[in-house]
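Down below is the structure, laid out as structure tokens.
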Protein chains: 2
Amino acid sequence: MDISIERLCIENGLKMTGPRRVIARVLSEATDHPDVDELHRRATRVDSRISLATVYRTVRLLESKGILSRRDLGSRRARYEASGDKHHFHLVDKESGTIVEFDAPQAEAMLREIAKAQGFEVDTIKIELFGRRTAK
Amino acid sequence: MDISIERLCIENGLKMTGPRRVIARVLSEATDHPDVDELHRRATRVDSRISLATVYRTVRLLESKGILSRRDLGSRRARYEASGDKHHFHLVDKESGTIVEFDAPQAEAMLREIAKAQGFEVDTIKIELFGRRTAK
DNA sequence: ATACATGCAAATCCTTTGCTCACTA
DNA sequence: TAGTGAGCAAAGGATTTGCATGTAT
């Protein structure tokens, strides 16, 4: 439904080709953190001719434009999410692999302070917690 | 000077072979976050017969024993540091690639609280800040 | 029309593994 | 000596790239 990634592409002056539009939409619709293979799977459901190489090239391009963020989250494959998403941090259940997102504005502010004291201007903060569910 | 990694290996019942001892010492002496290639380079300075495969096997083994921690820090290659090191978080200068370590006990405590509220018991926290030097 | 994107297959990079021989406990 | 560990080379998985062709602007 949401076509914000596609819009961001246009705002960044990117040529909107068929494959790119499909990939942008797949990304906009994702509520999880798909890896490139999974993005390719979803994209080829819409247009089976889209190649894996194109998906790789597209996520790299969008990352360079700041539209997407790459996450590592333990596994060997890179995962992607829209940079504009609200919840930036991740809680990874080591047993099931489930990823819960959360915010921590206060912790974030503290970290920025620490960085500033070291003479750094921070543009990206990555926070990942790994553990296991106890309750619930 | 410090041989603590070697000691931890022994405490974990690991057989101390020549190559393993060299690698353990290289790790103990490292104050940075070497990748496997760099560890291999340092180890072969001591004993040129040590193979890259052995370095890979050793870091994996030590990670499984909890002696080492793997870090991703943006680049494609995994980096390692002793788990016992004081400073757990990283500030990465995107321009130079320099990594500064820091602590943030309060932020850490906050994050643990958030996780607990979600029913998680956290065992690892990764915090990485990416940015660039402004002053200094 | 021009510059850029795509598909395909081959190449690359990092890491793991199979096998045989060597060594530690 | 029994059981691992090591070295080498080959395999593997993820990602990138060269090249000829297609396409958006």
Side-chain angles (χ1 to χ4, degrees), chain A residues 5-27 33-41 43-65 67-80, chain B residues 5-27 33-65 67-80 97:
Chain A
I5 301 258
E6 190 177 346
R7 212 193 57 239
L8 288 167
C9 288
I10 293 166
E11 287 172 13
N12 276 272
L14 302 181
K15 207 187 268 189
M16 289 315 288
T17 63
R20 194 168 285 171
R21 181 169 288 114
V22 171
I23 296 166
R25 287 182 181 172
V26 164
L27 284 163
H33 304 78
D35 60 33
V36 175
D37 235 58
E38 178 57 26
L39 287 173
H40 181 235
R41 214 168 291 126
T44 50
R45 257 176 238 144
V46 180
D47 177 348
S48 66
R49 291 163 308 175
I50 295 173
S51 78
L52 183 57
T54 294
V55 180
Y56 270 107
R57 283 193 269 238
T58 303
V59 292
R60 213 144 63 97
L61 176 67
L62 301 205
E63 197 200 0
S64 79
K65 296 292 184 185
I67 298 172
L68 291 185
S69 300
R70 187 202 316 234
R71 303 285 162 188
D72 282 314
L73 304 179
S75 83
R76 192 124 300 289
R77 325 150 93 97
R79 293 162 170 274
Y80 289 87
Chain B
I5 301 258
E6 190 176 347
R7 212 192 59 238
L8 288 167
C9 288
I10 294 166
E11 287 172 13
N12 276 271
L14 302 181
K15 208 185 268 191
M16 288 315 289
T17 64
R20 194 169 285 171
R21 181 170 288 116
V22 170
I23 296 165
R25 287 182 181 172
V26 164
L27 283 164
H33 304 77
D35 59 34
V36 175
D37 235 59
E38 177 58 25
L39 287 173
H40 181 235
R41 213 168 292 126
R42 295 181 194 178
T44 50
R45 257 177 236 143
V46 181
D47 178 348
S48 65
R49 291 162 308 174
I50 295 173
S51 77
L52 183 57
T54 295
V55 181
Y56 271 107
R57 283 192 268 240
T58 303
V59 292
R60 215 146 60 98
L61 175 68
L62 301 205
E63 197 199 0
S64 78
K65 296 292 184 184
I67 297 171
L68 291 185
S69 299
R70 188 202 314 233
R71 303 284 161 188
D72 283 314
L73 304 178
S75 85
R76 186 98 172 49
R77 326 150 92 96
R79 292 161 171 273
Y80 289 87

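Chain identifiers are assigned alphabetically (A, B, ...) following the order of the sequence lines, protein sequences preceding nucleic acid strands; residue numbering begins at 1 within each chain.
Heavy-atom minimum distance, H40(B) versus L52(B): NE2-N, 3.3 Å. Nearest heavy atom pair, residue T54(A) against residue P19(A), reads CG2-CB, 4.1 Å. Heavy-atom minimum distance, A43(B) versus I23(B): CB-CG1, 4.3 Å.
Counting non-hydrogen atoms of neighbouring residues, nucleotides and ligands closer than 6.0 angstrom, the CZ atom of R49(A) reaches no more than 12 such neighbours.
Under the rule for a salt bridge (Lys or Arg N to Asp or Glu O under 4.0 Å), D72(A) has no partner lying at least two apart in sequence or in another chain.
Looking at heavy atoms from C-beta onward, L61(B) lies in side-chain contact with R20(B) at the 4.5 angstrom threshold. Considering only heavy atoms from C-beta on, V22(A) stays 4.5 Å or farther from R25(A) through its side chain.
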For nucleotides 15-25 of chain C, just jot down a letter per nucleotide in 5' to 3' order: B, S or -, based on protein non-hydrogen atoms under 4.0 Å. BBBB-----BS
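Taking 4.0 angstrom as the limit, S51(A) places none of its side-chain polar atoms (N or O) nearer than this to OP1 or OP2 of dT6(C).
A salt bridge does not link E63(A) with R60(A): none of the charged nitrogens is closer than 4.0 Å to a carboxylate oxygen.
Spacing between atom CD1 of I23(A) and atom P of dA5(C) amounts to 12 Å, rounded to whole angstrom units.
Bounding nucleotides for the chain A contact on DNA chain D, 5' to 3', at a heavy-atom distance below 4.0 Å, are dA14(D) to dT25(D).
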